[in-house]
Amino acid sequence: MTETSIIISGFGGQGTLFAGQLLAYAAMDYGKEVTWIPSYGPEMRGGTARCIVIISDEKIGSPVARNPFAVIAMNVPSVNMYEPLVAPGGYMIINESLVDQKIERTDIQPIYIPGNDIAKELGNIRITNMVMIGALLELVQVLPVDELKKALDSHIPERHRGTLPINFEAIERGAKFVQEVLAEKV
Amino acid sequence: MVKKLLKGNEAFAEAAIRAGCEGFFGYPITPSTEFLEHMAKRMPELGRGFVQAESEVAAINMVYGAACTGKRAMTASSSPGISLMMEGISYIAGTEVPAVIVNVMRGGPGLGNIAPSQGDYNQMVKGGGHGDYFPIVLAPASVQEAIDYITLAFDLADKYRSLVFVIVDGNLGQMMEPAELPPMRDLDFITPEWAVDGETEGRERRFLSSIYIDPKDEEVTNIRLLRRKLEIEKNEILYHTEEIDDAEIVIVAFGTAGRVASTAVRQARQEGIKVGLFRPITLSPFPYKEIEKLADQAKSMLVAEMNTGMMLDDVSLSVKGKIPIEFYGRMGGITPFPDEILDEIRRINNSPPTDTDFNAREAWLDRLELIIEGEN
């Protein structure tokens, strides 16, 4: 089945829900079927925030998946929670800036990316989420990375338009990081 | 492309507005609150009525009053909030005024939790309030279906002077999906001949009430309500099927459970298992006859729900003991994953049940305990 399930998980405030929405917009605009569901537990600021995005060529049945194909883990609890659950052959994109550990499983591919550091380098730590989904789409080629930029351009609220260039840069830097890691491995 | 990425609750509220809802009365409760928030913003913009009431009891009685004027009125809430409304709901039914109520169901009983559930099936489908009455209950399974069926709900409510519940679970309320909203309907409805619209001259006085002191009058009303229910049964049954034509195993599931089952059916088909899905959309009127027909064709059924097997009873009534029925459910606010349903399909395919008179719930509970053990 041509269905890709992606979980984006982190602390509240790390932009996981918005990153998931942007991915959903990009998928929709690209002509894919898509669903987005947040965790909506009684969480407080600083608690966990995660969402699951399913992208498919066919009508989507279940909007939830036990074993996601890819997980963006923005913090340590997310790594611990999802390492056992990622589907064999799947991916984990780990925010190395906040996660000082390696995963043990060998049947999934991890990418350790210093998301916060790259975002800080670009001048705004709040765009870590964009670095991470840029990396995700470079790794899991469910949509072209450029679709994220198009979706951001189409759906960003007018008052945030000024942040487009830095967001684009963050997406590109995430993608470039993955390209380089993959090139080294070859 | 006109489809937009829409959040469930907001899309449902906008659909109600576009269907001509002129009065919304509610009280916030997770996971339905965004419905009320959207109404709070949009209804005053459009010059329509919005009240955040002091309680659910007040809200439903405001719906009752607004409905008596012949305008399209509604509320939206979630399980415990709906329970609080039950007295008013029964009064609305007894007065025979149309009203639409959206229930974004959550885990229960009691305060329970805010996670998605289908545990209000019996309360919604069998009435919930006191007395003999029969609400129409629609159970969409996607944001688009919810938009479409909220629109239909208002039409059915008017057509039959009936209560119409649209029930979804927290998943649908909270999720985003591409969907298309209908255009805004003109508010050119003809005021019904029973409405108390403030007009005092040129016609007879109108009176709306659910009081029939003389039991003979009440019985006449009960007969009228039952006749209406029978007519609704004839005209309004809705359901969705997938892969049903050659299915030896038929899954019956509604709402989110139906979606999850749909994924499992597709996976099982890839394994060559002849399985199909029957997803009731009207839970009341229930598609008894349609399911009975499937019982003549299939070898067994599997009912999947996010509750203790409430619809299972209605499926059993449909099947009349013709074939075995198995059950799988998750409760407490847990949404089953497709692999759980897939495992059930495989199990039934590997050792097809033959006993039509065994206790499906008990057998399921034994299996479920092992599954929960494995999860922990």
Side-chain angles (χ1 to χ4, degrees), chain A residues 1-8 16-43 49-69 81 84-85 87-88 147-148 150-152 154-156, chain B residues 1 3-9 30-34 104 106-107 113-116 141-144 169-179 240 242 251 253 256-267 269-270 277 279 304 306 330 333-343 375:
Chain A
M1 218 176 306
T2 51
E3 195 168 281
T4 309
S5 49
I6 296 155
I7 285 177
I8 306 176
T16 58
L17 300 187
F18 178 72
Q21 282 179 9
L22 181 62
L23 193 57
Y25 276 118
M28 178 181 72
D29 294 347
Y30 194 58
K32 300 269 190 181
E33 298 284 342
V34 65
T35 59
W36 173 95
I37 291 197
S39 61
Y40 65 94
E43 308 279 9
R50 56 183 181 273
C51 61
I52 176 160
V53 178
I54 296 182
I55 299 171
S56 178
D57 291 325
E58 293 166 37
K59 200 166 180 234
I60 295 168
S62 173
V64 294
R66 185 195 304 277
N67 302 115
F69 184 65
M81 180 185 288
L85 293 178
E147 292 300 315
L148 282 177
K150 284 191 212 161
L152 202 54
S154 312
H155 302 286
I156 198 167
Chain B
M1 199 161 162
K3 277 191 177 179
K4 287 185 172 171
L5 192 64
L6 299 174
K7 181 161 190 178
N9 281 327
T30 308
S32 72
T33 300
E34 297 87 356
V104 186
R106 59 185 242 182
N113 57 42
I114 60 174
S142 66
V143 173
Q144 185 66 62
D169 63 68
N171 282 314
L172 270 178
Q174 295 297 319
M175 77 188 290
M176 290 178 92
E177 242 182 335
H240 166 88
E242 290 174 22
I251 303 185
T256 294
R259 281 185 81 136
V260 174
S262 163
T263 298
V265 164
R266 277 182 257 172
Q267 289 168 345
R269 279 276 169 181
Q270 289 187 339
L277 172 68
R279 179 162 63 77
M306 287 154 62
R330 294 305 297 258
I334 291 176
T335 303
F337 289 113
D339 59 86
E340 294 171 60
I341 313 287
L342 182 60
D343 284 347
E375 284 174 354

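The sequence lines fix the lettering, A, B, ..., with proteins before strands; numbering per chain opens at 1.
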(message) Just verifying a value: how many Å separate Asp29(A) CG and Lys3(B) NZ, rounded to the nearest 0.5 Å?
(response) 12.5 Å
(message) I need the minimum non-hydrogen distance between Lys4(B) and Met28(A), along with the two atoms involved.
(response) C-SD, 3.7 Å
(message) Could you measure the distance from the SG atom of Cys51(A) to the CE atom of Met175(B)? Nearest 0.5 Å is fine.
(response) 12.0 Å
(request) Select all residues of residues 20-27 of chain A having any heavy atom within less than 4.5 Å of some heavy atom of chain B, and report them by number, or 'none'. (result) Gln21(A), Ala24(A), Tyr25(A)
(request) Go through Val34(A) and Leu5(B) one step at a time and tell me if the side chain to side chain contact (heavy atoms under 4.5 Å, CB included) criterion holds. (result) CA-CA 9 Å; Val34(A) 65; Leu5(B) 192 64; 4.2 Å; yes
(request) For Thr263(B) and Ser62(A), indicate whether the former's side chain and the latter's backbone hold a donor-acceptor pair under 3.5 Å. (result) yes
(message) Using heavy-atom distances under 4.5 Å, tell me whether Ile60(A) contacts chain B through its side chain, its backbone, both, or neither.
(response) both
(request) Please state whether the side chain, the backbone, both or neither of Gln144(B) comes within less than 4.5 Å of a heavy atom of chain A. (result) neither
(message) Only pairs of heavy atoms separated by less than 4.5 Å count here; which of Ala261(B), Pro116(B), Gly8(B), Ala257(B) has the most with chain A?
(response) Pro116(B)
(request) Rounded to the nearest 0.5 Å, what's the gap from NZ on Lys59(A) to CZ on Arg266(B)? Could you check? (result) 8.0 Å
(message) Need one label for Thr30(B): side chain, backbone, both or neither, based on atoms under 4.5 Å from any heavy atom in chain A.
(response) side chain
(message) Report which part of Asp339(B) has an atom under 4.5 Å of a heavy atom belonging to chain A: side chain, backbone, both, or neither.
(response) side chain
(message) Testing the basics here: between Arg259(B) and Gly61(A), what is the closest heavy-atom pair and its distance to 0.1 Å?
(response) NE-O, 2.7 Å
